[in-house]
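The first residue in the sequence is number 1, and the count goes up from there.
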Amino acid sequence: MEVKLWNDKRERETYENFSELYAIIKATEKLEKAYIRDLISPSDYDTECQKLIVHFKTLSASLKDLVPNIERFAETYKMDCSAAVYRLVTSGVPATVEHRAAAVASTSSSASVVAECVQNFITSMDSLKLNMVAVDQVYPLLSDLSASLSKLSILAPDFEGKVKMKEWLVRLSKMGASDELTEQQARQLHFDLESSYNSFMAALPSAGN
């Protein structure tokens, strides 16, 4: 006995799209496992994975109203395809691309992050000299500085700059956006920034050895 899943052309198209989405996820899961087990060459994996990702992005975009959450779609149809969901939804690039990016980052990130830290230090200090002392002006600059310092693995968790910037961020978060630092507070912040900057620069020679 034939079971009819749709009543009109639109419903039929929806089910066909669901079927294709299901197939793409399943195929990606098999491809990921084959790559992990070294059953496929990196170049072949890269080519096939790129194709699946492109098809997935195109199809999922057209189904975004019907399937707003791919993870829930996979759970609903008991697909057990965590590797595919990560590759298609979270990563969006083949594992080979991720590995290349990681290799490049490991050799170049330290220098770029150091430059980023220096720029953030100078920008923060210059802004105070220009009397930019409102909370909504100071907070983003210190937040960027704190984030860049946290990226640099050569700095200890208790590095002066990290500690002081976090203290200032906590203090500023309790103030209103339009509130302004007093002259004394601005002077103390500039002192802390300059002191932290000098400590930061002093730490760099040992990090390069």
Side-chain angles (χ1 to χ4, degrees), residues 1-117 119-120 123 136 139-153 166 169 173 177:
M1 178 180 176
E2 184 179 346
V3 178
K4 195 171 183 180
L5 297 176
W6 53 81
N7 297 313
D8 54 38
K9 183 179 179 181
R10 185 176 180 180
E11 284 190 6
R12 177 178 179 176
E13 189 173 309
T14 296
Y15 277 105
E16 287 178 347
N17 285 335
F18 279 9
S19 176
E20 189 172 349
L21 180 61
Y22 183 96
I24 289 173
I25 295 173
K26 278 291 188 182
T28 304
E29 183 73 14
K30 289 183 179 295
L31 184 64
E32 289 295 303
K33 289 182 177 178
Y35 177 66
I36 291 171
R37 295 168 184 167
D38 204 22
L39 299 176
I40 184 173
S41 70
S43 59
D44 287 341
Y45 162 81
D46 191 283
T47 300
E48 295 306 315
C49 193
Q50 291 278 17
K51 288 179 185 176
L52 287 168
I53 289 171
V54 170
H55 292 328
F56 169 78
K57 287 182 176 179
T58 302
L59 185 57
S60 60
S62 66
L63 291 174
K64 62 181 179 180
D65 292 332
L66 296 172
V67 188
N69 189 303
I70 299 299
E71 291 92 335
R72 191 168 299 169
F73 177 87
E75 289 174 6
T76 300
Y77 293 100
K78 300 180 175 16
M79 300 184 70
D80 190 25
C81 293
S82 57
V85 170
Y86 169 79
R87 185 61 52 213
L88 296 170
V89 179
T90 307
S91 173
V93 295
T96 45
V97 174
E98 278 187 336
H99 297 161
R100 285 197 295 270
V104 171
S106 65
T107 59
S108 65
S109 63
S110 291
S112 63
V113 174
V114 166
E116 183 182 320
C117 290
Q119 180 180 345
N120 287 333
T123 301
D136 59 359
Y139 190 96
L141 299 177
L142 298 190
S143 180
D144 287 345
L145 174 56
S146 180
S148 60
L149 290 173
S150 296
K151 293 179 190 176
L152 206 56
S153 59
K166 287 178 181 177
L169 287 173
S173 66

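- Under the 4.0 Å criterion applied to side-chain N and carboxylate O atoms, Glu48 and Lys51 are assigned as salt-bridge partners.
- Within the structure, the salt bridge (Lys or Arg N to Asp or Glu O under 4.0 Å) test picks out no pair touching residues 55-81 (sequence neighbours left out).
- Atom CZ of Phe56 is separated from atom OG1 of Thr58 by 10.5 Å, given to the nearest 0.5 angstrom.
- Residues Asn120 and Cys117 form no side-chain contact, since every pair of their non-hydrogen atoms from C-beta on lies 4.5 Å or further apart.
- Ile25 places a side-chain heavy atom less than 4.5 Å from the side chain of Ile70.
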Would you mind writing out the side-chain donor-acceptor pairs for residues 33-42 within the sub-3.5 Å range, not counting sequence neighbours?
{"unit_1": "Ser41", "atom_1": "OG", "unit_2": "Ser43", "atom_2": "OG", "d": "3.3"}
{"unit_1": "Ser41", "atom_1": "OG", "unit_2": "Asp44", "atom_2": "N", "d": "3.2"}
{"unit_1": "Ser41", "atom_1": "OG", "unit_2": "Asp44", "atom_2": "OD2", "d": "3.2"}

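- In this structure, the side chain of Arg87 does not engage the main chain of Gly92 through any donor-acceptor pair within 3.5 Å.
- Ring geometry, Phe73 versus Tyr77: the interplanar angle falls from 30° to 60°, so the pair is classed tilted.
- The line from CG of Leu31 to NZ of Lys26 is 14.5 Å long, rounded to the nearest 0.5 Å.
- For the residue pair Met79 and Tyr22, the shortest heavy atom distance occurs at CE-O, 3.5 Å.
- A distance of 12.5 Å separates CG of Leu141 from OG of Ser146, quoted to the nearest 0.5 Å.
- The shortest side-chain heavy-atom distance between Cys81 and Thr28 does not fall under the 4.5 Å cut-off.
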Side chain to side chain contact (heavy atoms under 4.5 Å, CB included), that's the test. Do Ser60 and Val67 meet it? Break it down for me. CA-CA 7 Å; Ser60 60; Val67 188; over 6 Å; no
